[in-house]
Protein chains: 2
Amino acid sequence: MLDETDRAIVRALLENARTANSALAELVGIAPSTCLARVRALRERGVIHGYHAEVDLPAVGLPLQAMISVRLRAHTREQNEGFRTTAPNLPGVLEVFHIAGADDYLLHVAVADPEALRSFVVDHLTTHPAVAQARTNLVFERIPGATPVI
Amino acid sequence: MLDETDRAIVRALLENARTANSALAELVGIAPSTCLARVRALRERGVIHGYHAEVDLPAVGLPLQAMISVRLRAHTREQNEGFRTTAPNLPGVLEVFHIAGADDYLLHVAVADPEALRSFVVDHLTTHPAVAQARTNLVFERIPGATPVI
DNA sequence: GATGAAAAGCTTTAAGC
DNA sequence: GCTTAAAGCTTTTCATC
């Protein structure tokens, strides 16, 4: 599905999404016009979903992160759908995962201070009709430097 | 620290890191030259760490994701350092979090198939000298659409 | 698919306000 | 911090291979 040139393009854009097309072309050893066509094809095929800035959360006033495991009351489609649509829109939510196991969802959140975290859990999670239980784990550190997966 | 214009710039680049400077300037209501200077300052101050492509994992051959909670044998500095430096370099690791609570680390991984997941856990985690236990939760779905945090 | 060349557009810098 | 203007790149298209 992807040849080695496509993978090299994806790796380069994972590392720096603003690499200029001319530089990208040189990096992977093809002509700029070809490179542009491949990048466009990768986007159109949905291999690349988008390009995002990586922000320093403490620098933008969100120095506290947590992982919150959420267990639903019942594992009905209705409760899942309800939580699924609510969760990503709660304030401070970075990511939402629907997971297998004892818990049903895992939320990665960033907040300004402990009070904001308390309010998030108490006002938005435990009061949600579908939620049975929420277990909060503070994040000491998000460890950087994961190797590109492809 | 950040004024409303800076935050608007960051929001725009969170959503699309490749927004052209001229478009960004218009979006936030300042002149292109000012906008360029602000974006550069945001990078130099470390508010923006970088720009990354968002990749469709199944499309690049990694259709299976898991969250793996790792508990260390002892909570010594040495064991923490050892695991901390190893974990981000294990194959398929997307993110590593050092967390508070019963478990010590949370790994988000993407793999090609169940056998790769088994091999990751058995060959790289449970055989690591610092690791006491690893609990694997499959990710059914990474739910999109989280609201920008700033 | 890939290329090279031309046109269009964008970035970047500097000077003056 | 804004505007303007100019130079230098980049992107994009298109005819061609």
Side-chain angles (χ1 to χ4, degrees), chain A residues 1-63 112 144 147-150, chain B residues 1-63 110 112 144-145 147-150:
Chain A
M1 193 128 183
L2 298 186
D3 64 15
E4 185 43 47
T5 303
D6 284 331
R7 282 199 296 275
I9 289 172
V10 172
R11 273 196 301 276
L13 292 176
L14 275 174
E15 196 183 313
N16 179 10
R18 292 192 99 165
T19 307
N21 183 62
S22 54
L24 192 56
E26 193 179 1
L27 205 63
V28 306
I30 55 178
S33 52
T34 312
C35 188
L36 191 67
R38 278 188 183 251
V39 171
R40 191 175 301 154
L42 287 168
R43 290 223 55 174
E44 276 164 10
R45 288 156 65 191
V47 176
I48 296 175
H49 279 149
Y51 307 103
H52 307 287
E54 183 192 350
V55 167
D56 187 81
L57 293 168
V60 298
L62 300 168
T147 329
V149 287
I150 80 157
Chain B
M1 193 127 182
L2 297 187
D3 64 14
E4 184 44 47
T5 304
D6 284 332
R7 282 199 295 276
I9 289 172
V10 172
R11 273 197 301 275
L13 293 177
L14 275 174
E15 195 182 314
N16 178 11
R18 294 192 97 166
T19 308
N21 183 62
S22 53
L24 192 56
E26 193 180 3
L27 206 61
V28 306
I30 57 177
S33 54
T34 313
C35 188
L36 193 65
R38 279 187 182 250
V39 172
R40 195 175 296 158
L42 288 168
R43 289 224 55 176
E44 276 163 12
R45 289 157 64 192
V47 177
I48 297 175
H49 279 148
Y51 307 102
H52 307 286
E54 183 192 350
V55 167
D56 186 81
L57 293 168
V60 298
L62 301 167
T147 328
V149 286
I150 82 158

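Naming: A, B, ... by sequence-line order, numbering from 1 per chain. Every value quoted in this text rests on a predicted model; they were computed, and no experiment measured them.
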**Study point:** side-chain N/O Arg38(A) vs dA2(C) OP1/OP2, d < 4.0 Å
**Key:**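 Checking Arg38(A) against dA2(C): at least one side-chain N or O falls below 4.0 Å of OP1 or OP2.
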
Practice item. Output yes when at least one side-chain N/O atom of Thr34(A) is less than 4.0 Å from OP1 or OP2 of dG1(C), else no. Key: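 No.
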
Gap between atoms [atom1] and [atom2], on [X] and [N] respectively (whole Å):
| X | N | atom1 | atom2 | value |
| --- | --- | --- | --- | --- |
| Ile9(A) | dA2(C) | CD1 | C1' | 13 Å |
| Leu24(B) | dC10(C) | CG | P | 13 Å |
| Ile30(A) | dT12(D) | CD1 | P | 14 Å |
| Asn21(B) | dG8(D) | CG | P | 20 Å |
| Arg18(A) | dT11(D) | CZ | C1' | 15 Å |
| Arg40(B) | dT11(C) | CZ | P | 12 Å |
| Arg43(B) | dT12(C) | CZ | P | 12 Å |
| Glu26(B) | dG9(C) | CD | C1' | 15 Å |

Check your understanding: Given side chains that start at C-beta, do those of Leu42(A) and Leu2(A) come closer than 4.5 Å, heavy atoms only?
Key ->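 The answer is yes, as the side chains (C-beta and beyond) meet within the 4.5 Å cut-off.
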
Review point. Which heavy-atom pair separates Leu57(B) from Ala110(B) by the least distance, and what is that distance?
Key: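 Shortest heavy-atom contact: CD1-CB, 4.0 Å.
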
Check your understanding: For the side chain of Arg7(A) and the backbone of Ile150(A), is there at least one donor-acceptor N/O pair under 3.5 Å apart?
Key ->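 The answer is no, because no donor-acceptor pair under 3.5 Å joins these two groups.
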
Review point. Can you tell me if His52(B) uses its side chain to pair, donor with acceptor, with the backbone of Leu14(A) under 3.5 Å?
Key: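 Yes, His52(B) side chain to Leu14(A) backbone: donor-acceptor pair under 3.5 Å.
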
Check your understanding: Base, sugar-phosphate, or nothing for Ala31(B), non-hydrogen atoms under 4.0 angstrom?
Key ->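 The answer is base, as Ala31(B) lies within the cut-off (heavy atoms under 4.0 Å) of a base atom.
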
Check your understanding: Has the side chain of Ser33(A) got a donor or acceptor atom sitting under 3.5 Å from an opposite partner on the base of dG4(C)?
Key ->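 Looking at the base of dG4(C), it does pair with a donor or acceptor on the side chain of Ser33(A) (distance under 3.5 Å).
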
